[in-house]
Amino acid sequence: MGVITDNLPGVLEPLPGGSVLVTAVDQLINWSRSNSLWPLTFGTSCCAIEMMMATGAARHDMARFGAEVARPSPRQADLLVIAGTIVKRMAPRLRTLYEQMAEPRYVMATGSCAICGGPFMYHSYTTIRGADEIIPVDVYVPGCPPRPEAFFYGLLTLQKMIREGESIRHPGERRRPVLAALPEGMTLDDIRKEMQDLLSHDANVNMTDAAAEGAHYSAELKDF
Amino acid sequence: MSVHVSTLQARITGESTASSPLSTEEYFVNMGPQHPSTHGVLRLVLRLDGETVREVVPVLGYIHRGIEKMGEHGNYRQFVHLVDRMDYLSALANNWAVTMVVEKAAKMETNDRIQAIRTLVCELQRIQSHQLWWGVFGMDLGGFTPFFYGLRDREQICDIFEKTIGARLTMNYIQPGGVMFDIHPDFVKDVKAFLTYFKSKMPEYDALMTENVIIQERLRGIGKLSAERAIALGATGPVLRASGVAHDLRKSEPYGLYSQVDFDVPVGTVGDCWDRYWVRMEEMRQSVRIVEQLIDNIPEGKTFLVKPAAKIKVPAGVHYSHVETARGVLGVLLVSNGKDAPYRIHCRTPNFNNLWCIGEMATGGRIGDLVAMLSSIDIVVPDIDR
Ligand code: SF4
């Protein structure tokens, strides 16, 4: 085999039709998917200021997590951040937006409104009590509005889910939705430090390690 | 639908178009509710003839949350946090509007410290709101840099608020009877540091946008709104002042400590997009002046004058009062039947009236200018729908 097939983290697998598939590329695909989420610019109310604006701008800078390419068209986006209250009149539009997005698509519900109706849970005659009544949600981020740090915590959770989730080898495998609430006793500085560590760790790919991991993986598969 | 007949030549020369051999048809375009430049979920139905806008009709209700109705189910202090979510960029001014009407009606006492703190935080938030508008306005015109600059400086005020109030956006700070917490020991120091910082950044804003020839050429002469029409449509705030009407509640009916500070009300001349831009830039400077005058003279005293659990009873009748938010006049009408919950509450929000000016501004203009006009009004959609 050539240089590429020896060093690339992957394995050639014969399929019934006679074709071959480089399956460990799965992981690579999931890794790149998780680091290049393109959010849809969708915000209905107050949470949009924190979720779409403050996180995108100077101090918090969503670009560090590869999710800064906000797209106005759902056809180009793969992350729907539901930032704000959804009312009955908007609900069909939200469903349409979701259906217009191409697979694989991910949904984050940020803010109490998108989770359960938030402050408008009682006595409001228009609010939808939670966006998950309309579309499936992957990650919930609580808060009213969540801090940008809390949003990033949710984003990192989603990235983890994508990396471990559905792949070519395990098609159709979706994780159950998770609540990305900040753990008890965690301070902002802890989160900031964790994000720093993650970034320095994630942003540098050690090619030798990756190749070794891939070789190990293919050896395991051969034993099958 | 009437069919408007014209040719390009006729439109350029302004001749009568009725007899032209080529016919164009008017058509409709839906803008929103999912559109990056409608600042939320506003829908505009546009009637266009080629590139010319013939009519703009806003369609509302995509974020109607029933805040006024919800107000009838809680007591007065429970209504305050709901108005945070109306015009979330002026949450403190909204709090103040409700607080003021309750305090006036129930004849509650306040002291100078409370009023000074309220004035200070409201002016800081006016700066914050205009910073965000400035950034988004730049983005709507096609430049991304103002967005970064505006939000970078906005974060500084967020930090100040976070220390004192504990929130970045939805404050729930100004309450009937005082303010929720006393100011943080660092408040004065932080605000002074911010003022020094922000004053050094204003020239940067000017160099980037105000003195930019492209921006000036882009904004001058489009979206004109005459003073008569602005008054007739009920526009308030910078939109009204840009049309040349020097109406500012902080001057005409001073509340808080506004009567003790010295500031100017910037007014425009022709009421085009450039005037609205300029008025807001000037307002930021005036707010800096107000904060500067007050920051060293915060009187001593208590900051909350009623017991936290006290039931506030408002005498039966109709009560009204209003404040000047970053976008205009927010009036709160309160109908009370003497109980501790409002019988009916209505908010006269600035954005609702300001939005209807878009029809006046855009009709006859080009569709390419529409986003600039909409952005120059600076709307917050949940405030329109409530
Ligand atoms: S969760 Fe709170 S901040 Fe977010 S949209 Fe709802 S009311 Fe606004």
Side-chain angles (χ1 to χ4, degrees), chain A residues 40-61 63 68 70-74 77 80 83-94 96-97 100 111-113 117-128 143-150 188, chain B residues 32-37 39-43 59-74 78 81-82 84-89 91 128-129 132 135-136 139 144-156 158-159 162 167-170 172 380-383 385-386:
Chain A
L40 177 72
T41 42
F42 176 75
T44 58
S45 50
C46 358
C47 274
I49 298 293
E50 292 282 85
M51 295 307 103
M52 298 318 308
M53 295 197 174
T55 52
R59 182 183 296 179
H60 300 288
D61 195 8
E68 84 278 24
R71 295 279 110 179
S73 163
L80 176 57
T85 327
I86 305 296
V87 299
K88 283 185 186 142
R89 191 160 188 199
M90 192 63 196
R93 275 83 187 175
L94 178 63
T96 315
L97 283 174
Q100 281 176 340
S112 351
C113 279
F120 309 100
M121 184 163 172
Y122 300 109
H123 309 306
S124 172
Y125 49 90
T126 55
T127 328
I128 303 278
C144 182
R147 298 183 58 84
E149 283 88 350
L188 276 180
Chain B
Q34 158 62 18
H35 189 280
S37 299
H39 298 228
V41 281
L42 173 69
R43 179 172 154 214
V59 183
L60 305 177
Y62 292 95
I63 187 68
H64 173 66
R65 302 185 277 197
I67 288 182
E68 288 174 4
K69 186 72 190 163
M70 286 174 70
E72 297 165 18
H73 291 277
Q78 284 169 336
H81 88 280
L82 286 175
D84 279 347
R85 276 92 183 155
M86 257 165 35
D87 181 355
Y88 39 79
L89 293 177
Q128 194 189 34
S129 167
L132 188 108
V136 174
M139 199 163 70
F144 220 75
T145 319
F147 178 69
F148 288 122
Y149 281 24
L151 271 104
R152 174 196 63 190
D153 300 341
R154 185 177 175 273
E155 290 287 335
Q156 313 276 345
C158 279
D159 282 352
E162 230 182 297
R168 289 163 51 90
L169 195 70
T170 46
N172 192 22
V380 168
V381 183
D383 193 43
D385 284 350
R386 302 193 280 279

Ion pair B/Glu72/B/Lys69, N-O distance below 4.0 Å = yes

Contact part of [X] toward chain A, heavy-atom cut-off under 4.5 Å: side chain, backbone, both or neither?
| X | answer |
| --- | --- |
| B/Leu169 | side chain |
| B/Val136 | side chain |
| B/Glu162 | side chain |
| B/Arg85 | both |

Max heavy-atom pairs within cutoff under 4.5 Å with chain B, candidates A/Pro145, A/Gly84, A/Ser73, A/Cys47, goes to A/Pro145

What residue, out of A/Leu40, A/Ile49, A/Thr127, has the most heavy-atom pairs lying under 4.5 Å from chain B?
-> A/Ile49

Considering residues at least two apart in sequence or located in another chain, which fulfil the ring-ring contact (aromatic ring centres under 6.0 Å, His included) criterion with A/Tyr122?
-> none

Contacts of B/Phe147 meeting ring-ring contact (aromatic ring centres under 6.0 Å, His included) (sequence neighbours excluded), chain-then-number -> B/Phe144

Should the pair A/Tyr125 and B/His64 be assigned to parallel (<30°), tilted (30 to 60°) or perpendicular (>60°) ring geometry?
-> tilted

How many angstroms lie between atom CG of B/Leu151 and atom CE of B/Met139, to the nearest 0.5 angstrom?
-> 9.0 Å

Measure from the side-chain N and O atoms of B/Asp87 to the backbone N and O of B/Asp383, and report whether any donor-acceptor pair falls under 3.5 Å.
-> no

Check whether A/Leu97 gets within reach of chain B through its side chain, its backbone, both or neither, counting any heavy atom under 4.5 Å.
-> side chain

